[in-house]
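For reference, the structure discussed in these notes is given below.
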Protein chains: 2
Amino acid sequence: MTRPPTERRRTLTLRDVSEASGVSEMTVSRVLRNRGDVSEATRKRVLEAARTLGYVPNRIAGALASQRVNLVAVVIPSLSNLVFPDVLGGISAELEGTGLTPVVGVTNYRPEREEAVLYEMLSWRPTGVILAGLEHSDAARAMLANAGAPVVEIMDVDGAGIDSVVGISHRRAGLEMARAIVEAGYRRVGFMGTKMPEDHRARKRLEGFEAGLAEAGLVLEDREFYSGGSALAKGREMTKTMLARSPDLDFLYYSNDMIGAGGLLWCLEQGMDVPGSLGLAGFNGVELIEGLPRRLASMDACRKEIGRRAAAIISGHEDGGQVIELTPSFSRGDTIRPPR
Amino acid sequence: MTRPPTERRRTLTLRDVSEASGVSEMTVSRVLRNRGDVSEATRKRVLEAARTLGYVPNRIAGALASQRVNLVAVVIPSLSNLVFPDVLGGISAELEGTGLTPVVGVTNYRPEREEAVLYEMLSWRPTGVILAGLEHSDAARAMLANAGAPVVEIMDVDGAGIDSVVGISHRRAGLEMARAIVEAGYRRVGFMGTKMPEDHRARKRLEGFEAGLAEAGLVLEDREFYSGGSALAKGREMTKTMLARSPDLDFLYYSNDMIGAGGLLWCLEQGMDVPGSLGLAGFNGVELIEGLPRRLASMDACRKEIGRRAAAIISGHEDGGQVIELTPSFSRGDTIRPPR
DNA sequence: TTGAAAGCGCTAACAT
DNA sequence: ATGTTAGCGCTTTCAA
């Protein structure tokens, strides 16, 4: 029952515009691309003809002939994360006016999907590639190396990049959060996060976090992982579960703001003393936390800026081949008490 | 300083694979596309050569030659809306395994952006077009009519479509919400929403809502609009403002769940009797409301299903040329009291 | 089962 | 300022 996937009615060609306007195809092409000198008179006639016919140029042919493609491949793990739409916003903003268009592919945190998405995108010979993370399959690396286009790996700087890298150190983000917590005098810390072995950035944050605790001779007292469902609801449930199991915890570190918000709501409903006897922190610095009863402590992942800088490298506004490490800003919010 | 936007290093061609394997270009092409009969021996040699070289086919050339493109253009107003990522999820799920790939363009609710994005996408001659809404500029309509590809307008059925339409009636959604509110005995109703003249669906919901109130001889007592910022925080602020101005309201209708959630949180903090003396409702049925202290009354916009059905039309699994109206499910949650 | 020729719709390079 | 010619890298079609 599937329609023969991709046949299509004939659409208008340059030739149609040429005939309608009585101007050669080449000149029509020039007018439409604003290239070379064309008399105002012909220009008008061509534009008029193209408009009334409803001509839309065929970039497939144009790209093949000119060997240029105005596409930037953007490969990210998820759209429902709140994080990546912001990154995309930064990319779009920076690309605005350069003639380049972002094309988005989503991998759902699955390496084999990443490979497939990359292959698909590279087959369109994009001008540049922006992809999340530093961990890729060998095949993916090989493709990227042969892509003949600049590659920017974003979000994370903890590891080796292929070409350019723009991101933050998640290890350090975790580490500094741990230090802030220790400084504030919390001692019995629990962690909650997603059950995603492929979320390398969350993993690195946790590693850094544990290293930070270790500096003070502390270890994580408890941990809990979830997958799927409403993150807000999961944060709520996990918090309840964990506090039932480990009632003496005095701090909860969440791997993202959404579950942190769920946890915060639950704690407040229970009448707990936040941040006095229980501190809370999330990660990402999403807009949402502005609207909570208390501002959740968090760390801004520089999402928009990462997108912007990555796009600037692709557009040539910024030099590539470097590692650009941005500094996430910590915000204590109302859920970590001040240092003692 | 901009890099000459799109020049690129030469990448591998069929010819390279042909030479490396000692098989004609034509046969290499056959192997790579799984078309026609090729002996197992040649097949292996070709695949081997392609793999070791790291060859990625050039779809630009392929598409030009074959006149088929495996792309589906998806044009939506926003990614930060929570709504559209779900729609995209439905589209991707349905397209999985058909060989078709969605390509997303974002308009930010601006008609001139929609026109530009459409033009750009149509220039790649996609197999089909899925776009949000029924309201488009004349130029956009003309382009779509000439696209030579199936067009599916999604989200909304209140108006005239171009080709296929899949969505819900926002007018009716507003109407039924009003009826539910009236039935529950609320009488003094306020409305809050986004200040977006171009958000036609929000507008239609409000129109339907007012019509529903009118059936009971009621009118909106107060209304407030916002733009930008954290929706959760805005919901909070607007609610405070409105209740200060109109303290005798007994119901607040929000044009989306996020501001509704902000309002709910504020009301609960104030110790208000929800839903006893004040009822609340949002719209969309987003996952987030599962995690709130009370489940916010809402109406599910059938996001995933809309994406799925639209994609099914493009892939040919479902007939096109129809208007498919889905029925949003109302959920009373914990913020509307039962009918008296 | 394999190969050769033609051409998809456009643009680069070179006329004029 | 405008036109002509020769491809871009593939696939279609037809021949072997």
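To find a chain, count down the sequence lines: A is the first, B the second, and so on, and within it residues start at 1.
Listed by first then second residue, pairs satisfying salt bridge (charged side-chain N to carboxylate O under 4.0 Å, His left out) with a partner in residues 76-89 of chain A read A:Asp86-A:Arg303, not counting sequence neighbours. For residues 58-67 of chain B, the salt bridge (charged side-chain N to carboxylate O under 4.0 Å, His left out) pairs, not counting sequence neighbours, are A:Glu120-B:Arg59.
A:Val117 and A:Gly105 get closest at one heavy-atom pair: CG1-CA, 3.9 Å. Residue A:Thr11 comes nearest to B:Arg125 through the heavy atom pair OG1-NE, 2.9 Å, listed as atom of the first residue, atom of the second, then distance.
For DNA chain C, the outermost nucleotides in 5' to 3' order that have an atom under 4.0 Å from a heavy atom of chain B are C:dT1 to C:dG9.
Applying the salt bridge (charged side-chain N to carboxylate O under 4.0 Å, His left out) rule to A:Arg141 yields no partners; only residues at least two apart in sequence or on another chain are considered.
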Could you go through nucleotides 2-5 of chain D and list every protein N or O atom that sits under 3.5 Å from one of its N or O atoms, giving the distance for each pair?
unit_1, atom_1, unit_2, atom_2, d
D:dT2, OP1, A:Ser39, OG, 3.2
D:dT2, OP1, A:Thr42, OG1, 3.1
D:dT2, OP2, A:Ser39, N, 2.8
D:dT2, OP2, A:Ser39, OG, 3.4
D:dT2, OP2, A:Thr42, OG1, 2.9
D:dG3, OP2, A:Ser24, N, 3.1
D:dG3, OP2, A:Ser24, OG, 2.7
D:dG3, OP2, A:Thr27, OG1, 3.0
D:dG3, N7, A:Arg30, NH1, 3.3
D:dG3, O6, A:Arg30, NH2, 2.4

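In summary, B:Arg45 and B:Glu48 do not engage in a salt bridge, as defined by a charged side-chain N under 4.0 Å from a carboxylate O.
For B:Tyr55, no side-chain nitrogen or oxygen approaches OP1 or OP2 of D:dG9 to under 4.0 Å.
A heavy atom lying under 4.0 Å from DNA chain D marks none of the residues of residues 44-51 of chain B.
B:Leu14 places its CG atom 13 Å from the C1' atom of D:dC8, with the value rounded to the nearest Å. Atoms CG (A:Leu64) and P (D:dG9) sit 7 Å apart, rounded to a whole Å. For the pair A:Gln67 CD and D:dC10 P, the computed distance is 10 Å after rounding to whole Å. In this structure, CZ of B:Arg35 is placed 16 Å from P of D:dC10, rounded to the nearest angstrom. One atom, CG of B:Asn58, and another, C1' of D:dG9, lie 6 Å apart when rounded to the nearest Å.
When the options A:Thr27, A:Val28, A:Val23, A:Val46 are evaluated for a side-chain contact (heavy atoms from CB on, under 4.5 Å) with A:Val38, the one that passes is A:Thr27. Applying the side-chain contact (heavy atoms from CB on, under 4.5 Å) test between A:Leu71 and each of A:Val129, A:Thr127, A:Thr101 identifies A:Thr101 as the sole match.
Between A:Glu153 and A:Ile162 there is a side-chain heavy-atom pair separated by less than 4.5 Å. Side-chain atoms of B:Ser123 and A:Val56, non-hydrogen and from C-beta on, do get closer than 4.5 Å to each other.
Side-chain contact of B:His317 with B:Glu94: a donor-acceptor pair under 3.5 Å is absent, judged by distance alone.
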